[in-house]
**Student:** 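Here it is: the structure, laid out below.
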Number of protein chains: 2
Amino acid sequence: MRIGALGQATRVDPETIRYYERIGLLPAPVRRANGYRAYGPAHLERLAFIRHCRALDMPLADVQRLLHLLDHPLDDCQDVDRLIDTHLAHVQGKLQSLQALAQQLEQLRGRCHGQHATAECGILHELVAAAQGESCVCHGNSVQTSQKGRRLRGACPESGYEPE
Amino acid sequence: MRIGALGQATRVDPETIRYYERIGLLPAPVRRANGYRAYGPAHLERLAFIRHCRALDMPLADVQRLLHLLDHPLDDCQDVDRLIDTHLAHVQGKLQSLQALAQQLEQLRGRCHGQHATAECGILHELVAAAQGESCVCHGNSVQTSQKGRRLRGACPESGYEPE
DNA sequence: AAAAACCCTGTAGCCACTCCGGGGTCAAGA
DNA sequence: TCTTGACCCCGGAGTGGCTACAGGGTTTTT
């Protein structure tokens, strides 16, 4: 099968398939007389495996290692366990921070409803205040600037960007 | 203040500060006689704002837009609302898929405990089976390969990568 | 026969940094 | 005075995982 057919079967863009070949993830197939790549079922399976791992958000380096382990069935399986463990920990960490983030954003969103000028926008006010280190949940180790004001400078020329 | 002091105050790498200047996010400060950048409090505030937005995982393009709105306090605040809404939806979507992902990985992790050869590893078996489209939760629209076998080819030379 | 769809290679772009090389500047210590 | 080390400058390249060209050739369909 040609690259387009393989792409359709696995729902992978041919550009991506060539990319996988370039970085050594998918073995280079034989070529036909016209230079076209000719794939067999083994490529199809390997590519499907890669995409499944990617659907699990594994970095390609990890996929590479798993493929290597698949190719060497006598190796110790502990490597697989460790890899999955590490990846899982990574995902769980990301999940937690994303949950906190969503909460933050929802809170922020609640600050503004109506239509008015940005000068009165609760969201912008909150963002500026939080950046200036006042009582921000997500920003525990906060930055203390020299100003107590609630507005960023820059809007009026005389309060601009002069050195200290 | 010089770039190092600004970096310490905001916990931002000087390289990142220069990068923000290069892409037009932070105004270029005046220079001292020796060419060093000289920052004022306005830069400090603006940079803190940027970092707070980044801590909320906003793309720099969004931060740019918020800064623009801050600089134009009479603009309509609906733009801010829309921006936050869009970002929140994005984060919530990512959160959901990450939750599904963590569940998948936990399930996967449960497949293998002991130490044995990778040929018998439940995780690898599951990954290969799932890639081949058999009863995988995360992979609804699955790929059907031509083979029923549970192992990827490639380990033995005679079952390798021939074209179809 | 012409048009559309496919294939090839190589290169550049995306995001948000991060690192590197090769240099200049400046203050403190030996 | 010399040296060390910390800081600063700039431009360019690298990261991951693609995606999008540009500029050609081939195959299939109309």
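Letters A, B, ... are given to chains in the order of the sequence lines, protein chains preceding strands, and every chain is numbered from 1. We use all heavy atoms of the structure for the numbers below, so side chains are in, but hydrogens, waters and symmetry mates are not.
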**Student:** Between A:Lys94 and A:Val91, is any pair of side-chain heavy atoms under 4.5 Å apart?
**Tutor:** no
**Student:** Within the pair A:Arg37 and C:dC8, is there a side-chain N or O less than 4.0 Å away from OP1 or OP2?
**Tutor:** yes
**Student:** Base, sugar-phosphate, or nothing for B:Ile3, non-hydrogen atoms under 4.0 angstrom?
**Tutor:**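 If one applies the 4.0 Å heavy-atom cut-off, B:Ile3 turns out to touch the sugar-phosphate alone, with no base involved.
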**Student:** In whole angstrom, what separates A:Arg32's CZ from C:dC8's C1'?
**Tutor:**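 Checked: the CZ to C1' distance equals 14 Å.
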**Student:** Provide, to the nearest angstrom, the distance between the CD atom belonging to A:Glu15 and the P atom belonging to C:dC7.
**Tutor:** 11 Å
**Student:** Please say whether more than 12 non-hydrogen atoms of neighbouring residues, nucleotides or ligands are located less than 6.0 Å from CD in B:Gln103.
**Tutor:**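 Atom CD in B:Gln103 is not crowded, with 12 or fewer foreign heavy atoms closer than 6.0 Å.
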**Student:** Looking across every strand, which nucleic acid part, if any, lies under 4.0 Å from B:Pro59 by heavy atom: base, sugar-phosphate, or nothing?
**Tutor:** sugar-phosphate
**Student:** With a cut-off of less than 4.0 Å, is there a side-chain N or O of A:Arg2 near OP1 or OP2 of C:dA5?
**Tutor:** no
**Student:** Tell me: CZ of A:Arg51 to C1' of D:dC18, nearest whole Å?
**Tutor:** 9 Å
**Student:** Within this structure, what is the CG-to-C1' distance between A:Leu47 and D:dG17, rounded to whole angstrom?
**Tutor:**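 Nearest whole value for this atom pair: 14 Å.
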**Student:** Between D:dT19, C:dA16, D:dG17, which nucleotide gets closest to the side-chain atoms of A:Asp13?
**Tutor:**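 Within the option list, the nearest is D:dT19.
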**Student:** Does B:His87 reach the main-chain N or O of B:Leu56 with its side chain, forming a donor-acceptor pair under 3.5 Å?
**Tutor:**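 Yes: the side chain of B:His87 pairs with the backbone of B:Leu56.
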**Student:** On DNA chain C, compare the nucleotides closest to B:Ala61 and A:Gly4; which residue's is nearer the 5' end?
**Tutor:** A:Gly4
**Student:** When you measure from the side-chain N and O atoms of B:Asn34 to the phosphate of C:dC26, is any distance below 4.0 Å, counting only OP1 and OP2?
**Tutor:**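 It does, given that an N or O in the side chain of B:Asn34 lies less than 4.0 Å from OP1 or OP2 of C:dC26.
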**Student:** Where the side chain of A:Thr16 meets the backbone of A:Val12, is there a donor-acceptor pair that is under 3.5 Å apart?
**Tutor:**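 Checked: no pair found.
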**Student:** What is the distance, rounded to the nearest whole Å, between atom CZ of B:Arg11 and atom P of C:dC17?
**Tutor:** 16 Å
**Student:** Could you give the CE-to-P distance, from A:Met58 to D:dG17, as a whole number of Å?
**Tutor:**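 One finds 12 Å between P of D:dG17 and CE of A:Met58, rounded.
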**Student:** Can you find a donor-acceptor pair, distance only, under 3.5 Å between A:Tyr36 side chain and D:dG25 base?
**Tutor:** yes
**Student:** Looking only at side chains, do A:Gln92 and B:Glu106 share a donor and an acceptor under 3.5 Å apart?
**Tutor:** yes
**Student:** Quick check on C:dA16: is either OP1 or OP2 less than 4.0 Å from any side-chain nitrogen or oxygen of B:Thr16?
**Tutor:**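 B:Thr16 to C:dA16 OP1/OP2: no side-chain N or O under 4.0 Å.
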**Student:** Give one of base, sugar-phosphate or nothing for B:Arg18, where a contact means two heavy atoms less than 4.0 Å apart.
**Tutor:** sugar-phosphate
**Student:** Between B:Leu60 and A:Gly35, who's closer to the 5' end of DNA chain C by nearest nucleotide?
**Tutor:** A:Gly35
**Student:** Rounded to the nearest Å, what distance is computed from the CZ atom of residue B:Arg22 to the P atom of nucleotide D:dG12?
**Tutor:**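 Rounded to whole Å, this separation is 10 Å.
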**Student:** What is the separation between atom CD on B:Gln8 and atom P on D:dC8, rounded to the nearest whole Å?
**Tutor:** 9 Å
